[in-house]
Amino acid sequence: MPATPALKRSELTPDSRREHLARLRAATADAPLDVLVVGGGVNGAGAAFDAATRGLGVGLVEARDWASGTSSRSSKLMHGGLRYLQMLDFKLVAEALRERDLLIERTAPHLVKPIKFVFPFFKKVIDRGFIGSGVLLYDAMQSVGRKRAVPFHRHLLHAKMLEVFPALDGDKAVGALEYYDAQMDDARFVMMLVRSAAQHDAAVANYTTVIDYLHDGPRVIGARVRDEETGEEFDIHARETILAGGVWTQEQQELADADAGLEVLASKGIHVTVARDRIPAVPDTGIITQTEKSVLFIIPWDEYWVIGTTDTPWTEDVAHPAATSTDIDYVLEHANAILAQDLTREDVIGVYTGLRPLLQPVKKAGGGASTKVSREHTVMEVEPGLSAIAGGKFTTYRVMAEDVVDFAIREDQPGRPSLTRTVPVIGAQGYAALVREKAEIAARYGFDEIRMDRLLFRYGTLLHDVLALIDEDPSLGTPLEHAPRYLRAEAVYAVRAEGARHLADVLQRRTRLDYETRDRGADAADEIAALVGPLLGWDAATTAREVETYRAFIDARLASEATSDDASAARAAASAPEVPARS
């Protein structure tokens with residue numbers, strides 16, 4: 001049988017999911033995978049990509065959709081972490097800046113782009129001296145030994161500050177500093193990593209839950225999983241298993257009966273979105289400032305602003321993080337403290353909530369477990385054959401992936417170094433040439449500049465595949481009626497290539513309609529379900545159930561946002577599932 005072309009291997013279709021599950025099922029005790037990765041957030045997807053590019057036999061399973069947890073609910077920044085300089089964590093900042101620049105310049109220029117921030121001063125001399133020296137160091141760290149990926153910072157006097165960001169309250173802010181970082185679409189980034197792993201022959205399956213870990217004596221030799229689409233249970237054998245469970249880490253360690261492990265606490269961060277015209281500013285310019293508890297970002301994103309975040313302990317079910325009315329008011333209050341015109345609850349288009357996995361001191365039993373610890377993440381052998389990774393930040397996912405794969409294979413495969421510093425994420429190869437053709441493509445398909453830039457940022461060179469769908473069926477080149485920033489072809493492509501299995505996958509992670517529109521995507525649900533249902537084999541009853549489930553899920557989210565405490569918000573959020581129960 002001829003080899004499957006790499007780009008076709010990367011297409012996560014309904015048929016390919018069945019093929020990937022068959023390959024996972026075929027990983028027996030006599031023919032195990034080299035590495036099985038549990039968890040489809042950025043750490044798990046990054047580890048699978050890293051291991052696959054080394055030529056290892058790799059499997060990746062995720063209980064829900066790719067990036068359905070923390071990795072789709074971030075501030076959507078690839079940044080060095082300016083605030084870590086205050087903590088004197090120079091090594092972490094230098095590492096994050098190096099990784100950010102690598103993504104911009106080489107490995108993911110289609111998914112990560114520079115963004116300008118204004119950092120306002122409220123004490124003319126003290127802030128300009130203290131913040132200015134910090135950003136000077138931040139910029140200097142980007143210039144050591146490599147070409148800069150973003151422009152150098154500059155100081156803004158009062159008049160220039162208001163010219164760049166006129167929405168700032170000029171009676172409070174006395175000046176500012178302008179500097180650059182980068183942003184990305186977190187859920188799409190993770191999905192592209194999964195596709196990149198598949199391109200390098202990893203077997204990947206979402207909606208596949210680990211229900212137990214396989215043991216040979218004290219050693220973990222894989223996992224027993226359940227296909228949530230069919231209910232089938234089967235074993236996947238692997239020489240090494242990597243747990244990248246985020247806030248579910250301890251739950252998985254307990255499932256494995258580990259007597260050592262990582263302790264991870266959850267911290268809730270929420271963001272709200274408001275329309276772009278509510279906060280006047282120079283294009284692609286955001287705000288960063290400190291609050292008493294966290295950092296406030298006002299981030300330009302497409303046709304709206306993302307504003308956040310909070311940082312509060314979450315002790316409820318980690319499967320149902322939810323924002324309260326108090327959280328939303330907190331974010332608006334702190335935004336209004338620096339804006340000339342106040343935002344109100346009426347301005348809020350959407351809300352999303354994520355849980356940061358905060359790594360605690362390592363828990364050991366008997367002192368026998370081995371570990372590899374950085375300032376921000378830790379890799380630990382929680383049982384022989386089972387390595388766990390936790391902590392870290394999105395920007396340093398590649399370093400974390402390299403660390404955990406190095407650690408897991410250190411005895412069996414020590415001569416296989418990581419290649420991800422040079423291997424691009426799918427869609428990057430040839431991106432610069434595609435950008436040069438954007439005017440021609442836009443003219444051919446009738447796209448305006450905004451739509452063309454949006455498509456390039458979402459797909460990179462995979463845009464050719466989306467355009468091929470339009471060539472095949474021109475009706476797919478029209479915008480969705482209730483979500484006109486997306487084309488009908490994008491909903492189809494989400495199922496034909498990006499692994500979407502349910503309506504919520506398309507509305508929340510392949511697009512971001514759950515916080516980009518006031519109806520949270522509910523109005524577009526029927527149209528999108530009609531497009532994707534036939535591709536997923538849905539009958540009329542299944543299609544209706546998908547739409548009804550999503551709308552009930554949104555109603556539950558809205559109910560949670562009217563509560564005043566976490567326990568009430570979690571109960572409201574848990575009252576309606578994101579996807580229908582298996583029939």
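All residue numbers in this chain count up from 1 along the given sequence.
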Under 3.5 Å, is there a donor-acceptor pair linking the side chains of [X] and [Y]?
X: Thr511; Y: Arg485; answer: no
X: Thr209; Y: Glu228; answer: yes
X: Arg571; Y: Ser568; answer: yes
X: Gln142; Y: Asp139; answer: yes
X: Asp327; Y: Thr324; answer: yes
X: Glu490; Y: Tyr459; answer: yes
X: Ser75; Y: His271; answer: yes

Stepwise side chain to side chain donor-acceptor pair (under 3.5 Å) check, Ser72 with Arg509: CA-CA 7 Å; Ser72 61; Arg509 288 171 290 276; 5.1 Å; no
Okay, side chain of [X], backbone of [Y]: is any donor-acceptor separation there less than 3.5 Å?
X: Asp186; Y: Ser74; answer: yes
X: Thr208; Y: Asn206; answer: yes
X: Thr285; Y: Lys116; answer: no
X: Thr344; Y: Glu346; answer: yes
X: Tyr486; Y: Arg512; answer: yes
X: Tyr138; Y: Tyr179; answer: no
X: Asn336; Y: Leu343; answer: yes
X: His110; Y: Ile426; answer: yes
X: Thr310; Y: Lys268; answer: yes
X: Arg356; Y: Ala266; answer: no

Hits for salt bridge (Lys or Arg N to Asp or Glu O under 4.0 Å) against Arg188, two or more places apart or cross-chain, chain-then-number order -> Glu498
Rounded to the nearest 0.5 Å, what's the gap from [atom1] on [X] to [atom2] on [Y]? Could you check?
X: Trp248; Y: Leu243; atom1: CH2; atom2: CG; answer: 12.0 Å
X: Thr289; Y: Ile131; atom1: OG1; atom2: CD1; answer: 7.0 Å
X: Thr273; Y: Asp302; atom1: OG1; atom2: CG; answer: 11.5 Å
X: Trp301; Y: Gln183; atom1: CH2; atom2: CD; answer: 5.0 Å
X: Ile279; Y: Leu168; atom1: CD1; atom2: CG; answer: 9.5 Å

Parallel, tilted or perpendicular: which one describes the rings of Tyr304 and Tyr515, with boundaries at 30° and 60°?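 Perpendicular.
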Over 60° means perpendicular and under 30° means parallel, so classify the ring planes of Phe394 and Tyr397, tilted if in between. perpendicular
Please evaluate residues Glu578 and Gln508 with respect to the criterion side chain to side chain contact (heavy atoms under 4.5 Å, CB included), reporting the C-alpha separation (whole Å), side-chain torsions for both, the decisive distance (0.1 Å), and the verdict. CA-CA 10 Å; Glu578 182 183 271; Gln508 293 195 93; 2.7 Å; yes
Under the side-chain contact (heavy atoms from CB on, under 4.5 Å) rule, collect the residues that match up with Ala258, sequence neighbours excluded.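 In terms of side-chain contact (heavy atoms from CB on, under 4.5 Å), with neighbours along the sequence ignored, Ala258 is linked to Gln253, Val382, Glu383.
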Cation-pi check for Tyr352 against Lys76: NZ or CZ below 6.0 Å from the six-membered ring centre and within 45 degrees of the axis, yes or no?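 Yes, Lys76 and Tyr352 form such a contact.
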Summary of side chain to side chain donor-acceptor pair (under 3.5 Å) pairs that have at least one residue in residues 121-131, sequence neighbours excluded: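 Counting only pairs at least two positions apart or across chains, the side chain to side chain donor-acceptor pair (under 3.5 Å) contacts touching residues 121-131 are Arg128-His155.
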Checking [X] now: which residues fulfil side-chain hydrogen bond (donor to acceptor under 3.5 Å, both in side chains) with it, not counting sequence neighbours?
X: Asp342; answer: none
X: Arg98; answer: none
X: His482; answer: none

Note, Phe553 side chain near Asp514 side chain (heavy atom, < 4.5 Å): no
So with a 6.0 Å cut-off around CG of Leu558, is the heavy-atom count from everything else above 12?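 Above 12, so yes.
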